Number of protein chains: 2
Amino acid sequence: MQTALATAGLAPLFGRSVPAVLPASLTSESRTVTRRTVAANDEIYAEGDRAMSFYKIAAGVVRTYKLLSDGRRQIGAFYLPGDIFGLESGEDHRFGADAVTETRLLVHRREPRALTGDDGALAREVVAAMMRDLERAQEHMMLLGRKSARERIASFLLALSERMADSVGTVCLPMSRNDMADHLGLTIESVSRAVTQLEREGLIELPPNRRTVILRNAAALRHLAD
Amino acid sequence: MQTALATAGLAPLFGRSVPAVLPASLTSESRTVTRRTVAANDEIYAEGDRAMSFYKIAAGVVRTYKLLSDGRRQIGAFYLPGDIFGLESGEDHRFGADAVTETRLLVHRREPRALTGDDGALAREVVAAMMRDLERAQEHMMLLGRKSARERIASFLLALSERMADSVGTVCLPMSRNDMADHLGLTIESVSRAVTQLEREGLIELPPNRRTVILRNAAALRHLAD
DNA sequence: CGTACACTTGATCTCATTCAAGTGACGTGG
DNA sequence: CCACGTCACTTGAATGAGATCAAGTGTACG
């Protein structure tokens, strides 16, 4: 979610030459990187906070969201280990972010030179993260604008299974039904009903704790998701 | 819509130094730029086409969209004069694009070096376009996921009026109700009804041809849009 | 002047929401 | 180890916002 690169940061972004290959420095320690651990459901930053840093997930799951004045919430995206979030083109965070599960973060202080050629690998990683966010957001508009509840659940489970790379055909759901609902533009009850229905139809299977999903008929799910 | 910069194009993007100020070359002729005029409702490129070029609008309005296998359509965005669209991170266009009105385009051939430091102004414009797309897509997810029909119309009219800069408080709608519906996740009838309702409530006013909207109570619209 | 097409309006239907219990997994303390 | 309480999830019934089906109306264009 969220874009990148302060307007002021754009010029430096293109202002230096870079060797072709660099260490994956986003995973290495450096003077601009600190660590932070956040408990489940704790806030990482709020919507409207000054965007001082951006983040890479070492472990855990994060959600970013926007609120309407009456409390309606839209979760823009879930971020998994390895993902970058919190990038903004402007001064402030346009979404809030909090931890879905206990999360360990690498915090990148957003300095004027943080995205310059000093670290081309970082800059490239940042641009790639932004592009991935855009593609996911575009795909998600299709889901929110035109898909039925069943189709939304099918799409969501498939997308998550592709990102989580659990044992083939099994997805664990780190987030609550409430989070799923606010991501998929549904109510918690509609999510529950759609999951139950897919289960009855034999497309998926859930253990008693209901937080893991086994994809029994991925082809049928893919057909539903279109 | 659509992102930018082939994966292969990322490295060159950061590979050259650039003077601080450059001509706005996206509006000037050069060997990589050609012109193209497209009639209303004609296709510019289809979803899945190889992304050979990206485009800047000289005049007219463009819509980008995705289709589900049964024909349901989601319009991702409308682009106005000055906007850039057709940027992709991958090989192919992930959305289709066609002209809403007769449109004049500047076509930028996507060469390996088209986004390098040879033209830092172009590269910066491209990244900025991508970021704007992302912010709009994120805002639109909130609309599609959580707003009522009335709220969607109010949000849409306000956003369009801010981009079109007509005489204050007047927006002309270049697109049909059908296009609005497929952008806002509604049916054409629901769009019509919501517009009529806002009109009856005195928030907007429409001349007999129904293709222009006068914002009579922008504050109330803004409150609706949240 | 007449035809076509876009938009509006009306009646009915449907899918998801809302409101209201119910069920079961998990953690805590006795 | 089991009783209890909590919280997340599920299920049921009633409601409602928007979709669908079906005419109308009016604007533009030849």
Side-chain angles (χ1 to χ4, degrees), chain A residues 39-41 61 63 68 70-74 100-102 143-157 172-201 204-213 224, chain B residues 39-41 61 63 68 70-74 100-102 143-157 172-201 204-213 224:
Chain A
N41 291 307
V61 178
R63 60 178 176 252
L68 251 27
D70 64 355
R72 279 174 286 176
R73 181 178 67 156
Q74 176 66 40
V100 173
T101 61
E102 169 155 321
L143 180 150
L144 293 171
R146 288 293 176 231
K147 290 185 185 175
S148 69
R150 267 160 52 99
E151 291 168 340
R152 292 180 199 205
I153 297 295
S155 303
F156 177 72
L157 293 177
C172 106
L173 302 175
M175 72 289 292
S176 68
R177 294 292 186 267
N178 222 309
D179 285 346
M180 287 174 61
D182 285 351
H183 183 51
L184 300 176
L186 299 168
T187 59
I188 174 177
E189 295 96 332
S190 292
V191 169
S192 184
R193 276 187 253 269
V195 167
T196 302
Q197 195 194 349
L198 291 177
E199 189 181 19
R200 269 198 297 259
E201 293 166 354
I204 59 177
E205 190 180 327
L206 285 85
N209 81 359
R210 316 249 90 198
R211 277 296 187 107
T212 304
V213 179
L224 251 187
Chain B
N41 292 306
V61 178
R63 60 179 177 250
L68 252 28
D70 63 356
R72 278 174 287 176
R73 181 178 67 157
Q74 177 66 39
V100 173
T101 63
E102 169 155 322
L143 180 149
L144 293 171
R146 287 292 176 232
K147 290 185 184 174
S148 70
R150 266 160 52 98
E151 292 168 337
R152 292 179 199 204
I153 297 294
S155 304
F156 178 71
L157 293 177
C172 108
L173 302 175
M175 72 291 290
S176 68
R177 295 291 186 268
N178 223 308
D179 286 346
M180 287 175 60
D182 285 351
H183 183 50
L184 300 176
L186 300 168
T187 60
I188 174 177
E189 295 95 332
S190 291
V191 169
S192 184
R193 275 187 252 270
V195 167
T196 302
Q197 196 194 348
L198 292 177
E199 190 181 18
R200 269 198 296 260
E201 293 167 353
I204 59 176
E205 190 181 328
L206 285 84
N209 82 359
R210 316 249 90 197
R211 278 295 186 107
T212 304
V213 179
L224 251 187

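What you are looking at is a predicted structure, and each value in this text was computed from that prediction instead of being measured. So you know, we letter chains A, B, ... as the sequences are listed, proteins then strands, and number each from 1.
- In this structure, the nucleotide among C:dT9, C:dA25, C:dT17 sitting nearest to the side chain of B:Arg193 is C:dT9.
- Here the options are A:Arg63, A:Arg72, A:Arg73, A:Gln74, the test is side-chain hydrogen bond (donor to acceptor under 3.5 Å, both in side chains), and the partner is A:Asp182; only A:Arg73 passes.
- For the pair B:Lys147 and B:Leu184, the minimum side-chain heavy-atom distance is 4.5 Å or more.
- Between the CD1 atom of A:Ile204 and the P atom of D:dT10 there is a distance of 10 Å, rounded to whole Å.
- In terms of phosphate contacts, B:Ser192 brings a side-chain nitrogen or oxygen within less than 4.0 Å of OP1 or OP2 of C:dT8.
- Rounded to whole angstrom, the span from the CG atom of B:Leu206 across to the C1' atom of C:dA6 amounts to 14 Å.
- Rounded to an integer number of Å, the gap from CZ of A:Arg177 to P of C:dT17 is 15 Å.
- Between the CG atom of B:Leu186 and the P atom of C:dC15 there is a distance of 18 Å, rounded to whole Å.
- For C:dA16, neither phosphate oxygen OP1 nor OP2 lies less than 4.0 angstrom from any side-chain nitrogen or oxygen of A:Arg150.
- Of the candidate nucleotides D:dA28, D:dA19, C:dT8, C:dT8 has the atom nearest to the side chain of B:Thr196.
- Spacing between atom CD1 of A:Ile153 and atom C1' of C:dA16 amounts to 12 Å, rounded to whole angstrom units.
- Between B:Arg210 and C:dA6 there is no side-chain polar atom (N or O) within less than 4.0 angstrom of OP1 or OP2.
- Between the side chain of B:Glu189 and the base of C:dC7, no donor-acceptor pair under 3.5 Å is found.
- Of the residues near DNA chain C, A:Val191 and A:Pro208, the one whose nearest nucleotide (by heavy atom distance) lies more toward the 5' end is A:Val191.
- The residue A:Arg211 sits close only to the backbone: its heavy atoms come under 4.0 Å of sugar-phosphate atoms, none of a base.
- We find that CD of B:Glu199 is positioned 12 Å from C1' of C:dC7, with the value rounded to whole Å.
- At least one side-chain nitrogen or oxygen of B:Thr187 sits closer than 4.0 Å to the OP1 or OP2 atom of D:dA19.
- Looking at heavy-atom distances under 4.0 Å, B:Ser176 makes contact with sugar-phosphate atoms alone, never a base.
- Going from atom CE of A:Met180 over to atom P of D:dA8 covers 15 Å, rounded to whole Å.
- If you check C:dT17, D:dA28, D:dA19 against the side chain of B:Asn209, the one that comes closest is D:dA28.
- The shortest side-chain heavy-atom distance between A:Gln197 and A:Arg193 does not fall under the 4.5 Å cut-off.
- In this entry the distance linking CD1 of A:Ile188 with P of D:dG12 reads 17 Å, nearest Å.
- A 4.5 Å side-chain heavy-atom check between B:Glu151 and B:Leu143 finds every atom pair outside the cut-off.
- Taking the side chain as every heavy atom from C-beta outward, B:Ile188 and B:Met180 never approach each other to under 4.5 Å.
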